[in-house]
Amino acid sequence: MGLTLYWYPKCGTCRNAKKWLDSHELQYEAIHIVENPPSRTEIEQLYNTSGLELKKFFNTSGQKYRELGLKDKLKDASEAEMLDILSTDGMLLKRPIVTDGTKVTVGFKEEQFEQTWN
């Protein structure tokens, strides 16, 4: 199975991740995270597969995150509430998200990509 790259083309981190995947000649489907955001079910699958804390899926440096006051709201939010919030807007998701269906990375760190996708 090939990789799926959820990305935002204007995001420098996303472009770096895409460049890394291209330079390692990995096949992937690029999905614009704002125009075609993952559904709540897809986000839940990514979260469950990743082994990461759900809060790691939030784009905490994004304007939307600040506008919605999520820093405070998430402290007491349930997992279901957080998944609901994440599914409302692709800009709330930390990006890029890369998956092959069995592994998931969130964000781009070259050493993490080397270990996971090489």
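Please read these numbers as outputs of a predicted model, since none were measured by experiment. The chain is numbered in sequence order, starting from 1.
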Residues forming a side-chain hydrogen bond (donor to acceptor under 3.5 Å, both in side chains) with K75, sequence neighbours excluded
D72
Indicate whether any N or O donor in one side chain lies under 3.5 Å from an N or O acceptor in the other, for S50 and N48.
no
Side-chain heavy atoms nearer than 4.5 Å, only ILVMFWY residues, links allowed to pass through others: does that put M82 and L46 together?
yes
According to a hydrophobic-cluster definition based on side-chain heavy atoms being under 4.5 Å apart (Ile, Leu, Val, Met, Phe, Trp, Tyr only), do L3 and I31 belong together?
no
What pairs with Q63 under side chain to side chain contact (heavy atoms under 4.5 Å, CB included), at least two apart in sequence or on another chain?
R66, E67
Under the side chain to side chain contact (heavy atoms under 4.5 Å, CB included) rule, collect the residues that match up with K56, sequence neighbours excluded.
L52, E53
Separation of E29 CD from L5 CG (nearest 0.5 Å):
9.5 Å
Identify the heavy atoms of A17 and P96 that sit nearest to each other, and give their distance.
CB-CG, 3.5 Å
Minimum heavy-atom separation for H24 and N118, please, with both atom names.
CD2-OD1, 3.6 Å
Could I get the full list of side-chain hydrogen bond (donor to acceptor under 3.5 Å, both in side chains) partners for E81, not counting sequence neighbours?
S78
Step-by-step side-chain contact (heavy atoms from CB on, under 4.5 Å) determination, L86 to L54
CA-CA 10 Å; L86 283 169; L54 188 52; 3.9 Å; yes
For K19, give me all partners under salt bridge (charged side-chain N to carboxylate O under 4.0 Å, His left out), at least two apart in sequence or on another chain.
none
What residues, two or more places apart in sequence or in another chain, satisfy side chain to side chain contact (heavy atoms under 4.5 Å, CB included) together with D84?
R40
Using ring-ring contact (aromatic ring centres under 6.0 Å, His included) as the criterion, list what pairs up with Y28, not counting sequence neighbours.
none
Linking I/L/V/M/F/W/Y whenever their side-chain heavy atoms sit closer than 4.5 Å, directly or via other members, would V34 and L68 fall into one cluster?
yes
Does any non-hydrogen side-chain atom of L74 lie less than 4.5 Å from one of I85?
yes
How close do P38 and I33 get, counting heavy atoms only, and between which atoms?
CD-CG1, 4.0 Å
I'd like to check the side chain to side chain contact (heavy atoms under 4.5 Å, CB included) partners of D89; sequence neighbours left out, ordered by chain and number.
K64, M91, L92
What pairs of residues pass the ring-ring contact (aromatic ring centres under 6.0 Å, His included) test when at least one of them lies in residues 38-80, not counting sequence neighbours?
none
How would you list, by chain and number, every residue that makes a side-chain hydrogen bond (donor to acceptor under 3.5 Å, both in side chains) with N36, sequence neighbours excluded?
none
Do F108 and V98 share a hydrophobic cluster (ILVMFWY, side-chain heavy atoms under 4.5 Å, transitive)?
yes
Any side-chain heavy atom of R95 sitting closer than 4.5 Å to one from N59?
yes
Are I43 and V104 connected in the hydrophobic side-chain network, where two residues link if heavy atoms are under 4.5 Å apart?
yes
Atom pairs and distances, donor-acceptor, side-chain atoms in residues 6-14, under 3.5 Å, two or more places apart:
none

Where does the angle between the aromatic ring planes of F113 and W117 fall among parallel (under 30°), tilted (30 to 60°) and perpendicular (over 60°)?
perpendicular
Taking side-chain hydrogen bond (donor to acceptor under 3.5 Å, both in side chains) as the definition, give me every residue that meets it alongside Q112, ordered by chain and number, with sequence neighbours left out.
none
